[in-house]
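These figures come from a predicted structure and were not determined experimentally. Reminder, nothing fancy here: chain letters follow the sequence lines and each chain counts from 1.
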Amino acid sequence: MPAPTDRRYWLMKSEPESFGFDDLWNAPDRTTGWDGVRNYQARNFMRDDMHVGDGVLFYHSSGTPTGVAGIAEVARAAYPDPTAFDPRDPHYDAKSRPDAPTWLMVDVRAVEKLPQFVTLDALRAEPGLAEMQALRRGNRLSITPVTAAEWKLVRKLGGLR
DNA sequence: GCCAACGTTGGC
DNA sequence: GCCAACGTTGGC
């Protein structure tokens, strides 16, 4: 674990129809590999800024409702995403090679269930979250940084202290 | 280096 | 299903 002051926070999006927070909670070791990221900004966050122990807001996108469903953490730092090497995989990318991987992934572990699901409406209604990157208009990044203040507020909205 | 076309994301 | 927003691609 990094020192508390080094800990960073993230919001990571997943579509609950394919993999939701409950799926993570029920997974072996409550952990899964976050594969399939094919966006350079998101990759760079994983490669350059994510550390084991960082906090993760597990966000359900395209769900009913959308919002933060649970608390997770980074369980393994960035490593090559093998789905990019498999021609049969929907996330296959010929330009990513095992000797020079383009795409990376991290492992994420569920840590706490939220007593209350934090809907997108609830996030938008909170003045302290007005600047949160994931809420900015037109944002499509699947991984975005969250400040320590935003992290605390979202936890509080979810019924945690 | 510009920029139009295209594909994808994600809220509604 | 629609569509705004945005990243990527590729012709020039």
D107(A) and V74(A), any side-chain heavy atoms less than 4.5 Å apart:
no

In whole angstrom, what separates R137(A)'s CZ from dG10(B)'s P?
16 Å

Need one value for E15(A): base, sugar-phosphate or nothing, where a base atom within 4.0 Å counts as base even if backbone is also close, heavy atoms only.
nothing

Separation of dG10(B) atom C1' from L123(A) atom CG, nearest Å, is 15 Å

Calculate the interatomic distance between Y59(A) atom OH and dG10(B) atom P; express it in whole Å.
9 Å

Atom CG of L135(A) to atom P of dG10(B): distance rounded to whole Å?
13 Å

If I take atom CD in residue Q133(A) and atom P in nucleotide dG10(B), what distance separates them, rounded to the nearest angstrom?
13 Å

d(CG, L120(A); C1', dT9(B)) in whole Å:
14 Å

Check: K13(A) and N139(A) side chains under 4.5 Å, non-hydrogen atoms
yes

Without decimals, in angstroms, what is the distance between Y40(A) OH and dT9(C) C1'?
11 Å

From CZ of R124(A) across to P of dG11(B) the rounded distance in Å is 8 Å

Below 3.5 Å is the cut-off: list the nitrogen or oxygen pairs between protein and nucleotides 4-7 of chain B, distance only.
unit_1 : atom_1 : unit_2  : atom_2 : d
dG7(B) : N2     : R140(A) : NH1    : 3.4

Apply side-chain hydrogen bond (donor to acceptor under 3.5 Å, both in side chains) to the pair R38(A) and S142(A), showing each step before the final yes or no.
CA-CA 10 Å; R38(A) 296 293 179 268; S142(A) 61; over 6 Å; no

Determine, using ring centers only, whether Y59(A) and W10(A) are less than 6.0 Å apart.
no

Please tell me whether Y40(A) and W103(A) form a close aromatic pair, meaning their ring centres lie under 6.0 Å apart.
yes

Using a 4.5 Å cut-off on heavy atoms from C-beta on, say whether the side chain of V56(A) contacts that of I71(A).
no

Taking OP1 and OP2 of dG10(B), is either one under 4.0 Å from a side-chain nitrogen or oxygen of K13(A)?
yes

